[in-house]
J.: 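Before we start, here is the structure in question, set down as structure tokens.
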Amino acid sequence: MFLKKFELHGFKSFADKTALEFNDGISTIVGPNGSGKSNISDAMMWVMGEQRIKTLRGARVEDVIFSGSDTHKPLGMAAVSITMDNQEGILSLPYEEVTITRKAYRSGESEFYINKNSCRLKDIQMLFHDTGIGRDSFAMIGQGRVDEIITAKPEDRRAMIEELA
Amino acid sequence: MFLKKFELHGFKSFADKTALEFNDGISTIVGPNGSGKSNISDAMMWVMGEQRIKTLRGARVEDVIFSGSDTHKPLGMAAVSITMDNQEGILSLPYEEVTITRKAYRSGESEFYINKNSCRLKDIQMLFHDTGIGRDSFAMIGQGRVDEIITAKPEDRRAMIEELA
Amino acid sequence: MVERFKKSFQEIAEAFKESFSKLFDGGEASLFLTEPEDLLNTGVDIEAKPPGKGLKHMNLLSGGEKALTAIALLFAFLKIKPSPFCVLDEIDAALDEVNVNHFSNYLREFAKHTQFVVISHRQGTIENSDSLFGVTMDKKSGITKMVSVRLQDPNQAVAMRS
Amino acid sequence: MVERFKKSFQEIAEAFKESFSKLFDGGEASLFLTEPEDLLNTGVDIEAKPPGKGLKHMNLLSGGEKALTAIALLFAFLKIKPSPFCVLDEIDAALDEVNVNHFSNYLREFAKHTQFVVISHRQGTIENSDSLFGVTMDKKSGITKMVSVRLQDPNQAVAMRS
Ligand SMILES: Nc1ncnc2c1ncn2[C@@H]1O[C@H](COP(=O)(O)OP(=O)(O)OP(=O)(O)O)[C@@H](O)[C@H]1O
Ligand SMILES: Nc1ncnc2c1ncn2[C@@H]1O[C@H](COP(=O)(O)OP(=O)(O)OP(=O)(O)O)[C@@H](O)[C@H]1O
Ligand SMILES: [Mg+2]
Ligand SMILES: [Mg+2]
């Protein structure tokens with residue numbers, strides 16, 4: 001069991017504080033078109049260090065913060081937290097449970113936390129390096145992108161295999 | 001009623017001579033993955049003058065000819081015919097019914113016919129120009145390509161609107 | 001030339017507004033000229049506002065919203081210049097059940113002026129067709145065969161009298 | 001470095017052959033080095049042979065065959081280096097009913113070592129899940145809300161106690 005809890009507040013269409021408690025095995029997210037399913041997978045990549053705004057389907061950095069609707073004003077901040085079970089020591093940290101938090105403000109500032117201790121983005125990216133999850137991992141497949149691993153150029157496919165070595 | 005009959009022989013996975021009789025309204029093609037549905041839409045674009053091998057999902061010109069299987073040898077020719085009702089004179093030809101045929105041989109030769117009279121590729125392309133069907137028309141949407149009309153560049157979208165003027 | 005473009009642009013923009021709010025059951029969409037004072041060179045951009053949401057650029061829409069917006073634009077083109085026939089290869093793949101039905105009902109309205117050849121795996125689209133063609137691939141031979149399909153149970157294709 | 005790459009390549013190629021013929025119920029697929037004599041710079045290419053058909057390059061496969069081949073390669077990676085969790089956003093969209101079931105049954109085998117978060121509209125995938133999360137968008141507010149969904153009838157989401 002790895003992913004235990006996932007919390008979003010102000011990230012894209014999640015204007016209200018929302019929490020998902022995960023169990024083992026296969027969890028499936030269902031819902032109508034445009035309801036916010038892919039925003040959850042964007043939030044997972046973002047909290048684990050994704051910086052490329054295009055991969056997060058935005059044009060500007062503030063596109064990850066709730067931008068308002070007919071009835072609600074835009075928010076000033078987006079915050080996402082991911083809580084993982086670390087009993088097998090997959091993340092090289094001395095904790096049995098690890099919570100990563102990322103915040104972004106409309107002013108352009110960002111904050112990062114590992115178990116409520118402030119840290120840098122680099123610390124989070126390094127944490128996931130070599131674990132098989134995180135930004136560049138083959139284990140995060142965005143909508144419409146499943147074909148990319150087979151239509152990639154031969155040298156890119158080699159790089160993927162090298163990472164697994 | 002426009003499209004009446006469609007015949008394929010040797011085109012991609014259609015090794016056997018196959019004929020589809022169409023009616024008015026909405027005709028839907030169903031079948032498992034890899035069974036040959038998109039090959040039908042490729043054949044429609046091809047017989048109406050499509051030359052770009054990439055749009056036909058091939059790499060070489062002969063990729064449109066049946067290339068063999070565990071039990072069948074490759075064929076030497078692909079032939080596709082499309083029969084259209086022309087009572088409203090949509091095609092500027094003096095016939096009430098028009099059949100276009102295109103053939104390609106492994107040797108690289110091609111043949112084109114309008115109502116069994118031999119013609120050039122150019123004649124077929126000119127025939128469909130301005131009718132709203134044919135190679136470049138917005139009315140032929142290949143698999144996975146529906147988003148292209150909205151993610152196109154503004155100047156390309158303008159060109160589409162100009163064609164409709 | 002410029003006059004004709006302007007007139008065609010206005011007609012399509014009008015038709016797009018209408019087809020968008022019909023497919024999305026509300027909301028608004030618009031086509032606008034990137035450089036309205038230079039009609040000769042201007043591009044055409046799109047903005048869409050699904051019901052209840054803020055105005056969005058195409059990249060911020062979801063997968064299904066993008067597909068449905070593209071379908072709305074296609075229908076706007078067909079309304080202004082009905083093409084004799086139209087081939088659509090799995091354009092409903094990203095849509096949820098409700099939107100598949102919105103799409104196939106709306107398609108029905110256009111089938112009076114345009115003949116459609118549609119390729120689809122989705123029940124809502126299959127049920128709303130006038131005729132069905134079944135294709136199958138013989139596992140041993142790698143050759144496509146046509147089979148006849150009953151409308152009631154499209155997934156049970158039976159061998160066609162060849 | 002080169003030795004490790006070679007070993008990892010051989011393991012993945014082996015796993016890919018296996019996962020491909022399991023998902024396609026037959027057929028063969030292989031990974032091969034574009035320049036086997038230059039291990040330092042060589043690329044890795046793919047060929048696939050669906051059951052009964054000739055050997056094909058990726059571009060000649062159908063939409064569903066491409067997606068299923070990509071899924072086979074993903075599973076081969078997961079077999080060699082099981083990642084703690086994996087997020088899959090509508091990777092089953094191009095598959096027909098039979099292949100959706102092949103995919104979701106095979107996913108079940110990998111769920112012992114990897115936790116999966118799957119986004120899908122397809123019945124076969126939804127029915128094979130351990131737990132379901134429903135999301136909905138309040139039409140007026142443009143805000144995502146979570147709803148509880150019963151496994152028996154996933155399309156009937158009911159409002160969750162917030
Ligand atoms: N910063 C933001 N503020 C408010 N809403 C946003 C923001 N960014 C994206 N959205 C909206 O979130 C909505 C949901 O998008 P998402 O891609 O998650 O849908 P989805 O559930 O994956 O749908 P589909 O089934 O069509 O793929 C979109 O309508 C989009 O406009
Ligand atoms: N020249 C050829 N000779 C023989 N077979 C071919 C040739 N070109 C393509 N094929 C085969 O035709 C098959 C069917 O392709 P097609 O794309 O039409 O399937 P489809 O029914 O659209 O499937 P999907 O539902 O996955 O989109 C592929 O397996 C492909 O390898
Ligand atoms: Mg999505
Ligand atoms: Mg297809």
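Proteins come first, then strands; the chains are lettered A, B, ... in the order of their sequence lines, and each starts at number 1. For the numbers below, each heavy atom of this structure counts, side chains included, while hydrogens, waters and symmetry mates do not.
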J.: Between D:F85 and A:I133, what is the shortest heavy-atom contact and its length?
T.: O-CG2, 3.1 Å
J.: Name the option with the most non-hydrogen atom pairs under 4.5 Å to chain A; the candidates are D:L61, D:T69, D:L74.
T.: D:L74
J.: Under 4.5 Å, heavy atom to heavy atom, which residues of residues 35-42 of chain D contact chain A?
T.: D:L39, D:L40, D:N41, D:T42
J.: Can you tell me how far apart CD1 (D:I119) and CD1 (A:I29) are? Round to the nearest 0.5 Å.
T.: 5.0 Å
J.: Do D:V135 and A:I40 have side chains that get closer than 4.5 Å, going by heavy atoms?
T.: yes
J.: With respect to chain D, which residue among A:T131, A:L20, A:I90 yields the maximal number of heavy-atom pairs within a distance under 4.5 Å?
T.: A:L20
J.: Pick one of side chain, backbone, both or neither for D:I91, based on which atoms fall under 4.5 Å of a heavy atom in chain A.
T.: both
J.: Can you say whether D:K7 sits under 4.5 Å from chain A via the side chain, the backbone, both, or neither, judging by heavy atoms?
T.: neither
J.: In residues 149-158 of chain A, which residues are in contact with chain D at a heavy-atom separation under 4.5 Å?
T.: A:I149, A:I150, A:P154, A:E155, A:R157, A:R158
J.: About how many Å separate CE of A:M160 and OG of D:S8, when rounded to the nearest 0.5 Å?
T.: 12.5 Å
J.: Do you know which two heavy atoms are closest between D:T144 and A:G36, and how far apart they sit?
T.: OG1-CA, 3.7 Å
J.: Tell me, out of D:A94, D:A67, D:A70, who's got the most heavy-atom pairs with chain A below 4.5 Å.
T.: D:A70
J.: Report, in residue-number order, which members of residues 103-120 of chain A are under 4.5 Å from chain D by heavy-atom distance.
T.: none
J.: Can you name the closest pair of heavy atoms from A:I26 and D:A111 and give their distance?
T.: CG1-CB, 3.8 Å
J.: Can you check whether anything in residues 53-73 of chain A gets within less than 4.5 Å of chain D, heavy-atom wise, and list it by number?
T.: A:F66, A:S69, A:D70, A:T71, A:H72
J.: Between D:Q115 and A:F22, what is the shortest heavy-atom contact and its length?
T.: NE2-CB, 3.8 Å
J.: Working note: D:F77 + A:I161, criterion side chain to side chain contact (heavy atoms under 4.5 Å, CB included); need CA distance, chi angles, decisive distance, verdict.
T.: CA-CA 8 Å; D:F77 286 168; A:I161 291 179; 4.1 Å; yes
J.: For each of A:S41, A:P32, A:G25, A:S35, tally heavy-atom pairs with chain D at distances under 4.5 Å, and name the one with the top tally.
T.: A:S35
J.: Could you tell me if the side chain of A:K37 sits less than 4.5 Å from the side chain of D:H121, heavy atoms only?
T.: yes
J.: Under 4.5 Å, counting heavy-atom pairs only, tell me which of D:C86, D:P84, D:S83 racks up the most with chain A.
T.: D:P84
J.: Within a 6.0 Å radius of atom NZ on D:K79, are there more than 12 heavy atoms belonging to other residues, nucleotides or ligands?
T.: no
J.: Does D:K81 have more than 12 heavy atoms from other residues, nucleotides or ligands lying within 6.0 Å of its NZ?
T.: yes
J.: For A:S38, is it the side chain, the backbone, both or neither that has a heavy atom under 4.5 Å from a heavy atom of chain D?
T.: both
J.: Sort out for me which of A:K12, A:R145, A:E21 touches chain D most, counting heavy-atom pairs under 4.5 Å.
T.: A:E21
J.: Side chain, backbone, both or neither: which part of D:A93 has a non-hydrogen atom closer than 4.5 Å to chain A?
T.: neither
J.: May I have the step-by-step check of side chain to side chain contact (heavy atoms under 4.5 Å, CB included) for D:D130 and A:N23, ending in yes or no?
T.: CA-CA 8 Å; D:D130 298 309; A:N23 298 313; over 6 Å; no
J.: Taking all atoms of both residues into account, what is the closest heavy-atom pair of D:M137 and A:S13, and its distance?
T.: CE-CB, 3.8 Å
J.: What option among D:L107, D:I71, D:T34 has the most heavy-atom pairs under 4.5 Å with chain A?
T.: D:L107
J.: Can you tell me how far the CG atom of A:L164 sits from the CZ atom of D:F5, to the nearest 0.5 Å?
T.: 11.0 Å
J.: With chain D as the partner, which of A:N33, A:D16, A:N39, A:T18 has the greatest number of non-hydrogen pairs under 4.5 Å?
T.: A:D16
J.: Below 4.5 Å from any heavy atom of chain A, which atoms of D:L33 appear? Answer side chain, backbone, both or neither.
T.: neither
J.: Begin with the C-alpha distance, continue with both residues' side-chain angles, and end with the deciding distance and a verdict on side chain to side chain contact (heavy atoms under 4.5 Å, CB included) for A:F2 and D:T114.
T.: CA-CA 9 Å; A:F2 194 70; D:T114 299; over 6 Å; no
